[in-house]
Amino acid sequence: MELERTFDNLSEILQDLSFGSVRRWKEEHPGSKAVAFFPVYAPVEIIHAAGMLPVGLAGAGDKLDIQHADSRFGSFICSIVKTTMEMGMTNHLDAFDGFLFSSICDSARNLCFVFKRNFPQMYVDFLHLPHNSASPASVDFLDAEYRRIIGELERLGGKRINDAALRNSIDLYNLQRKLVRRLYQFRADSPHLLRAWESYLLTRAGNFLPVEEHIATLEGVLSLLKDRPGKRRDSIRVVVEGSFCEQPPLDVIRMLEAAGCDIVEDDFALAQRWFHGDVPSTGDPVRALAESYVRDAVYSSVRHDFAHPRWEGLADKIRNTHAEAVIMLIAKFCEPAYFDYVLFKKKIEEMGLPHLLLEFEEKLFTFDRLRTEVETFVESLVFD
Amino acid sequence: MANIPATEYRGGVHQRQKDLMLDWYATLDQAAHTADPPTVSMMVSGNCVELLEGFGAVPIYPEVNALQLAIRHQSLEPILAAEDMGYAADNCAYVKADIGCYVKGTTPTGGKMPKPTLLLCNFVGCNTYAKWFEHVATLTGAPLYMLDVPFLRGDQPSQADLDYVVRQLHEVVTLLERLTGRAFDYARFQQAVDWSRQTEEIWSQIKHLSQHVPSPFDAYFDAITLMGPLYVHRAKREGLEFFQAALAEFQQKVDLNQGIYDQEKFRLVFEGPPPYPHFRTFRDMFAKWKACAVASTYSTVGGLWEFGFRHDPERPFESVAMHMLVHNVTNRNYLQRYEQIHRYVKEWKADGIIVHFVKSCRLFSAGQGDMRDYFTKQLGIPTLYIESDIEDPRYFSEAQIKNRIDAFFEALEHSKQAGGHVTREVHV
Amino acid sequence: MRIAAGVDVGSTQTKAILLGDDGTVKILARALTDTGANVRKAAEQAFEQCCHAARIAPAEVGFVVGTGYGRYKISFGHTQMTEISCHAKGAHFLCPNTRTVIDMGGQDSKAISVGRSGEVLDFVMNDKCAAGTGRFLANAADVMGLRLDEIGPLSLQAKHPVKITTVCTVFVESDILSYLAQGKRGEDILGGVHLAIAKRTMSLARRVAIEPEITMTGGVTRNVGMVRALEEVLGQRLQISPDAHFMGAVGAAVFALEKLDRSFESECLEAPHAVSGRN
Amino acid sequence: MPLVAGIDCGTGFTKALLVSQDFSGEISILGKGKARSGINVDGAATNALSEALAVAGANRPDVAYVAATGFGRYSLGFRDIAITEITTAARGVFFLHPEAGAVLDIGSQCTRAISVTDKGKVHEFKSNDKCAAGSGMFIARAAKYLEVPLETVGELSSKAAHAQPIGSVCAVLAESEIINHVSSGVLVDDILRGIHESLADRAGALLKRVGMSKQLTFIGGVAWQSGMVSALEQRLGVKVYVPPDCDFVCALGAAVLGLRRLASRN
Ligand SMILES: Nc1ncnc2c1ncn2[C@@H]1O[C@H](COP(=O)(O)OP(=O)(O)O)[C@@H](O)[C@H]1O
Ligand SMILES: Nc1ncnc2c1ncn2[C@@H]1O[C@H](COP(=O)(O)OP(=O)(O)O)[C@@H](O)[C@H]1O
Ligand code: SF4
Ligand code: SF4
Ligand code: SF4
């Protein structure tokens, strides 16, 4: 019961496009700012250490009609870019004082500058994350880039960000990521006790809850899960890959499970699992963050490290979770994900696993087509 | 085949350009057979061809191959081959055409393409480059260096940005020394930077000639002809001589008050890459209205020199880095592009802007709607927005595009007859 | 009296208008016919019908301007103009305070920002995809087993309009069928369909500066459901002339009359067949 | 002997097929029926089933198990199981023709390519779900515009001498292109041939992605059209086999799978 209530609660917050929880936080912390970031690889620790609320915005889902944004972003552009623009143009983002974008793809990058023009009252910045992990110069560069952002945030917040605060933030987010990893481990071991849409809600909550609250929620849920009743079902174990940025509708995740998939790994709301391990909180914290991004970040289609290719990362996931199949769940018009599909596919085939490519949009109200494909896929694996 | 439109410029420049490019292809063919000279594959955008001169290495530009395929109506087949491998309908078709060629072992000229000594991904703006090079590296097994150029967040790069790029350039030098077995010839590099400086000066003068009414050449369609030598030969004596001759030719036309039409009726600024698979058809749609491009952003992909930047032989590495960081349209942010276009409209005396949305290329096109909004609503400059593709012949709907272009000119003609520019109230 | 004609060869329907000028300009006759496969014939037919209705010989018509997607096929026309210029011109002629035109036809929709003398200041059209056009509505009617003129009124009764995922003219059928299979009411489905198109059209139209008065033109003006849905999304009234469906032809005829006045020869006169589907 | 019904609730037509299995394991087809789908899935299915029952000389209570497939499978109230039309297409084809290899299914709204394993399971499949261009409905509309009956489309296209290529990617916009061709005097046969060729090319692209074999089994309503068959053979260089009741293949596959489920239940 308590678990169900938590999930209901979270899904409500998730769908609240007026960002009541952010407004409430600002009321409780007078004079503080809220800074939104585009969902992948933002230095949340820095925003947090500035005494601000970092909020990961992953589009508006199916709750907002696009009526203004496609006059700015035309055809062949993914939906998250358009709904984010739409939220801005319809005053849904008034609770935010800043918006941080990063170098993940051309659409998101151009969105940053279109934002700058359209919303001059907001602090809008672009973080260049290095793509050359092989060069030692990368860490120095990112170190400087983070310090530039720190300077901007200090200007915005009117106060300095000190190392102690930054270390404290790093510890908190380390703990948060550890709990999320534990949640994923639990799901991989007992997919019948924790459904993917539930773990999705829990992870995604990390995007908008204050980290302290998110930690408490995760701890609460983890302690309750152990005793949850449940029965193993006849399903196939799948890894879902490709929705690291734009998020599929909750119903699509539910549909995958209803069609007979146990999702044992995924990259939904990747934000909460950026690093493989902990960011060191001793020594220079800014440098530690920069080092962690360059050396220890989890792969995704928008991070380039040719020495540690993404397809090997996927292979590891498959092996670690003993998955039987892969579902590539890609947002329509997400160019980085579609490029990677080719190399992922090659790897999956080399491993002798079946896979299915599915495309989604944030706004999807009828699922017949997708469902037919998933069911066929499952039928081909279970029927003899 | 369609006849050559009367408007297409066919002076001596054209023949010399052809010869230069054929030379280049011949060298690549030779490299494919003898592995000499060394070849470096890189992107046109903000390319660092000067650095290669320090090794006597030759650039391979996958984009130039891709555009040659499209112009010769050969792009669909490799695109389909790539789609068979799993590339999506919406992926950049430049990449698909190039990958398709690797798989099929063909080139647009029929010659052989060498396996590059180094894949140097000069990551200048376009995220697709990074994918492209990774994919070619996996396909060919050629070594890859990802030269990460920080995107311009403000108007100018920071010292950290500059240091980062310079350090990587030095890493590339070390890597190339190992791969080619040749020592880096600093003096030759410096000389190359100096050739570039001089070529750029001439190129900039050429681009300013189109400020003249009538413009002596079309700064979109004709400028593309000049882009090959600009990227391949800029850092060589041949390049400089080519552009000197071109300048003389165009200057003569200016002196004679010759435009590309008997009477130039409209002056335009073009934004976005052209629809190469339908290049002629597209050009004719403007020729019909005697409309001439006086400036274009696409012709500044490789470098933006008309506003003053020159390579500097005194600071060769820094100036190469600065060129990659700031002085090419792809690494500049969107608002800087608005400014660039706006300057063109004012200083090159244009009547309107053509925004060509290219489905393949989000670098250019993601946000062009906002650009249109800015120019029409904020500045009141007539702006036409049309969609097709740079490489994929399937996305060109002739009747629809023609319809829009005709309507645009009907409106422009009407307001010109009514006296001067289209006037409209400015809304903010 | 000087007589001029405008023929709008649309993708779905061909419209012709005869204008007479004996000091005051007035519409002498109108004709409407399905375009069908033989574009040239449809154009001739509409033109002849007009002449017949006005009891004049075709030779008495001093100037004919063709417009619409099939304009290059008109063998008897003197010149062609794009339908964008013509809709603006027509709207200005019949509703002189028009500042914005929203045209919804069979295969495309467009929004035009119009200057004080009827000139086009700015325009946008839907691209590539026929999604969200009159054809889309016709398809929806087909799937529901209704006549085209029934769906508009029915959609007005919607209480809980459904959400439509796709606005693809072809795929909308499976959306509709799946809602029907779920037992949704016909009016709610149609309400959803109309609303989806209205939103799509408005998001297109917002690309030009929308200023009152807003005049709607094209065949879809006959669909009251669509008109209401657009007004709702727009939050403003639309002006709809009784000749809204003929607006392109009206504009073409006005141009024709002007040309007659100035005996003006366009420099861009193009021979039929200049554009073929082939590249 | 218990009967098993396979019912394919398609977007255009609902097809019902009755099978039974004797003690040696031999499966025989006893009857089939077809009805327009429309809004009421149960109604259409009942009509189709009644027709099949009449052919089989059996009554409703004889039907022990109903396997539903096709677009409306979940809306069929009296089903025992719902299976996707891709799985049933593979099974149906495999039943008729075990060396099938690859299956191409072109229905009103969807084109699918399926590769089948040597056990009759789906190996891989791809469908063109982005855009309706290249599906049966496109042909049906073209036929309407060209004012020729759908039934004669195949024959006309087979006769064509100079195929007229169709460039548009959109089914709707392709119509205006077609109209253009007509009015510039291109023969109807040549246009239809062009349509078939462009469909064959699209189908070829899908087939390549699932792995094409030398043999291709072609089902779905469009398989009626001989011109499409020859276009496929010509453009793809494969031997195309069209099962006699190509529109009942999914219903058959459903029935066959239904028999298995019934057996495992008993
Ligand atoms: N009586 C009617 N009731 C409702 N809609 C109609 C009616 N007549 C025509 N339409 C709509 O108008 C469209 C045709 O509009 P039109 O402006 O003539 O298009 P085009 O110029 O492209 O031929 C049809 O697709 C249909 O949706
Ligand atoms: N008698 C026929 N002759 C030729 N083609 C036909 C015939 N009947 C149907 N078709 C084609 O088949 C398509 C319908 O195929 P079908 O497999 O029944 O679709 P679905 O199962 O999706 O309803 C039609 O759109 C049409 O193109
Ligand atoms: S969904 Fe893909 S294309 Fe869209 S913003 Fe995210 S990474 Fe970029
Ligand atoms: S996305 Fe654009 S800039 Fe990038 S490779 Fe493709 S065409 Fe070139
Ligand atoms: S989605 Fe539909 S309307 Fe759009 S291009 Fe495809 S067939 Fe045409």
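By convention in this document, chain letters (A, B, ...) are assigned in the order of the sequence lines, proteins followed by strands, and residues within each chain are numbered from 1. Just so it is clear, the values below take in all heavy atoms, side chains as well, and ignore hydrogens, waters and symmetry mates.
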So, the part of B/Leu363 with a heavy atom under 4.5 Å from chain A: the answer is both
Heaviest contributor of heavy-atom pairs below 4.5 Å to chain B, chosen from A/Lys116, A/Lys346, A/Arg109, is A/Arg109
Q.
Quiz question: by atom type and distance under 3.5 Å, do the side chains of B/Thr297 and B/Gln340 form a donor-acceptor pair?
A. no
If one checks every heavy atom of A/Ser138 against chain B at 4.5 Å, the contacting part turns out to be both
Residue from B/Phe151, B/Phe364, B/Phe133 scoring the most non-hydrogen pairs under 4.5 Å with chain A is B/Phe151
Highest number of heavy-atom pairs under 4.5 Å with chain A among B/Val95, B/Leu147, B/Asp163 belongs to B/Val95
Test ring pair (Phe, Tyr, Trp, His ring centres under 6.0 Å), reference A/Phe115, set A/Tyr123, A/Phe73, A/Phe101, A/Phe38, output is A/Phe101
Turns out that what part of A/Phe126 lies under 4.5 Å from chain B's heavy atoms comes down to both
If you tally heavy-atom pairs under 4.5 Å between each of B/Met146, B/Arg167, B/Arg153, B/Met85 and chain A, the highest tally belongs to B/Arg153
Checklist entry - Side chains of A/Ser135 and B/Gln168: donor-acceptor distance under 3.5 Å anywhere? => result no
Interface check, chain B: of A/Ser103, A/Ser107, A/Ala144, most non-hydrogen pairs under 4.5 Å belong to A/Ser107
- Task: Would you tell me whether A/Glu359 and A/Tyr338 have side-chain atoms, one donor and one acceptor, within less than 3.5 Å of each other?
- Result: yes
| said: Less than 3.5 Å apart, any donor N or O on the side chain of A/His128 or B/Tyr164 sitting next to an acceptor on the other? | reply: no
If one checks every heavy atom of A/Pro309 against chain B at 4.5 Å, the contacting part turns out to be neither
Of B/Arg362, B/Glu271, B/His356, the one forming a side chain to side chain donor-acceptor pair (under 3.5 Å) with B/Gln368 is B/Glu271
Applying a strict 4.5 Å limit to non-hydrogen atoms, the region of A/Ile104 in contact with chain B is backbone
Looking only at A/Asp340, A/Leu111, A/Ile330, the option with the highest number of non-hydrogen pairs under 4.5 Å against chain B is A/Asp340
Test side-chain contact (heavy atoms from CB on, under 4.5 Å), reference B/Asn328, set B/Leu304, B/Asn122, B/Val124, output is B/Val124
So, the part of A/Arg310 with a heavy atom under 4.5 Å from chain B: the answer is side chain
Applying a strict 4.5 Å limit to non-hydrogen atoms, the region of B/Val149 in contact with chain A is backbone
Keeping the roles fixed (side chain from B/Asp392, backbone from B/Arg394), state whether a donor-acceptor pair exists under 3.5 Å. yes
key: Audit row: B/Tyr94, B/Ser360, side chain to side chain donor-acceptor pair (under 3.5 Å) steps and yes/no   = CA-CA 8 Å; B/Tyr94 252 23; B/Ser360 272; over 6 Å; no
Under 4.5 Å to a heavy atom of chain A? For B/Cys92 that would be both
Most heavy-atom pairs under 4.5 Å with chain B, out of A/Gly74, A/Pro130, A/Ala134, belong to A/Pro130
Cut-off 4.5 Å, heavy atoms of chain A, and the answer for B/Tyr374 is both
Run A/Asp143 and A/Arg287 through salt bridge (charged side-chain N to carboxylate O under 4.0 Å, His left out) and show every step you take. CA-CA 6 Å; A/Asp143 184 295; A/Arg287 184 124 196 122; 3.7 Å; yes
Under 4.5 Å to a heavy atom of chain A? For B/Phe357 that would be side chain
Ranked by heavy-atom pairs below 4.5 Å to chain A, first place among B/Gly367, B/Pro150, B/Gly86 goes to B/Pro150
Turns out that what part of B/Phe123 lies under 4.5 Å from chain A's heavy atoms comes down to side chain
One option among B/Tyr145, B/Trp132, B/Tyr87 has the most heavy-atom pairs under 4.5 Å with chain A, and it is B/Tyr87
Bottom line for B/Leu152: the part with an atom under 4.5 Å from chain A's heavy atoms is backbone
Apply side chain to side chain donor-acceptor pair (under 3.5 Å) to residues B/Tyr276 and B/Asp389 and explain how you reach the verdict. CA-CA 8 Å; B/Tyr276 283 120; B/Asp389 197 58; over 6 Å; no
Between the CD1 atom in B/Ile354 and the CZ atom in B/Arg404, the distance rounded to the nearest 0.5 Å is 12.5 Å
Ranking A/Asp70, A/Leu129, A/Leu343, A/Asp140 by heavy-atom pairs under 4.5 Å to chain B gives rank one to A/Leu343
Query raised in the report: Under the side chain to side chain donor-acceptor pair (under 3.5 Å) criterion, do A/His355 and A/Tyr341 qualify, and how do the steps go?
Result: CA-CA 11 Å; A/His355 80 276; A/Tyr341 168 67; 2.8 Å; yes
